[in-house]
Amino acid sequence: MSEKNKSKAQVDFLCVEPGCQGVIQFNLMDCGKDQQILCPKCHKPYEFDADLRDKMQKLLNLIVAVRDAESILGNCNVAVAVPGGEVKIPYALLLTRLNTMLTLKMGDKTVDFHLWIEPSSPDTFR
């Protein structure tokens with residue numbers, strides 16, 4: 001089974017229809033060329049153009065790369081400069097505490113796509 005089929009990466013964004021504010025959700029791993037997504041509140045259909053699909057594919061590639069590097073994440077840190085030195089923050093901890101967003105244009109609107117990644121195993125990031 002491929003990495004793509006084992007993973008779940010939930011993406012959500014607010015509907016761009018004026019006054020709707022519905023939350024559209026989909027699994028990035030299932031995002032295909034002909035996939036149509038509907039707003040659950042106003043039923044506006046969303047079809048992503050080639051440029052947006054390309055950006056979503058790049059985000060998917062990033063997720064798969066992070067999953068592939070999972071075995072070394074316990075050894076990776078991000079150092080933050082503070083007065084008197086630096087603080088090392090485990091990279092795996094950052095992945096569990098930071099919200100990931102992809103901000104893109106849809107027509108004339110700027111939309112934040114929020115990403116929620118399900119760990120590939122129950123021991124991930126512990």
Side-chain angles (χ1 to χ4, degrees):
M1 183 179 283
S2 75
E3 184 70 30
K4 186 175 177 178
N5 293 332
K6 291 190 295 187
S7 301
K8 183 174 182 181
Q10 185 74 27
V11 176
D12 66 48
F13 63 97
L14 292 178
C15 183
V16 298
E17 282 296 300
C20 177
Q21 295 296 303
V23 178
I24 295 92
Q25 300 178 345
F26 61 96
N27 184 357
L28 185 61
M29 304 301 180
D30 297 333
C31 197
K33 286 185 178 181
D34 298 323
Q35 183 180 21
Q36 185 181 67
I37 301 164
L38 294 176
C39 174
K41 190 172 176 185
C42 74
H43 306 290
K44 174 183 174 50
Y46 287 87
E47 288 187 52
F48 299 146
D49 65 17
D51 185 50
L52 190 54
R53 283 194 313 268
D54 182 57
K55 290 175 181 170
M56 292 290 180
Q57 182 62 48
K58 289 178 190 307
L59 182 60
L60 176 58
N61 293 345
L62 177 62
I63 293 165
V64 171
V66 169
R67 287 275 168 90
D68 187 49
E70 191 173 76
S71 64
I72 67 161
L73 289 181
N75 303 88
C76 295
N77 299 290
V78 174
V80 178
V82 295
E86 64 183 24
V87 175
K88 289 183 181 178
I89 302 168
Y91 191 78
L93 179 63
L94 288 176
L95 292 176
T96 63
R97 300 294 187 258
L98 296 177
N99 295 327
T100 302
M101 278 185 277
L102 181 63
T103 303
L104 300 172
K105 291 285 251 179
M106 284 181 63
D108 62 342
K109 305 217 181 206
T110 300
V111 178
D112 288 332
F113 291 84
H114 301 95
L115 178 65
W116 312 97
I117 302 173
E118 172 185 282
S120 57
S121 75
D123 297 326
T124 302
F125 309 138
R126 292 192 183 169

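Just so we're clear, the structure is a prediction, and the values are computed from it rather than from any experiment. Positions are given from 1, in the same order as the sequence printed here.
In this structure, the side chains of Leu102 and Leu115 stay at 4.5 Å or more apart for every pair of heavy atoms. Taking the side chain as every heavy atom from C-beta outward, Thr103 and Asp112 approach each other to under 4.5 Å. Looking at Lys55 and Phe113, their side chains never come closer than 4.5 Å, going by heavy atoms from C-beta outward.
In plain terms, the two heavy atoms of Ile37 and Ile24 that are nearest each other are CG2-CG2, 3.0 Å. Considering all non-hydrogen atoms of both residues, Met56 and Phe26 come closest at CE-CZ, 4.1 Å. Lys105 approaches Thr110 most closely through the heavy-atom pair CD-OG1, 3.4 Å.
Under the side chain to side chain contact (heavy atoms under 4.5 Å, CB included) criterion, Asn75 pairs with no residue, sequence neighbours left out.
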In residues 11-20, what donor-acceptor pairs under 3.5 Å come from side-chain atoms, sequence neighbours left out?
from	atom 1	to	atom 2	distance (Å)
Asp12	OD1	His114	ND1	3.3
Asp12	OD2	Trp116	NE1	2.8

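Considering Val78, Val82, Asn77 in turn, Val82 is the only one that fulfils the side-chain contact (heavy atoms from CB on, under 4.5 Å) rule with Val87.
More than 12 heavy atoms of other residues, nucleotides or ligands sit less than 6.0 Å from atom NZ of Lys41. Environment of NZ in Lys58: sparse, with no more than 12 heavy atoms of neighbouring residues, nucleotides or ligands closer than 6.0 Å.
Rounding to the nearest 0.5 Å gives a distance of 9.5 Å between SG of Cys39 and CD of Gln21.
Ile63 is not connected to Ile72 by any chain of hydrophobic side-chain contacts under 4.5 Å among Ile, Leu, Val, Met, Phe, Trp and Tyr, and they are in different clusters.
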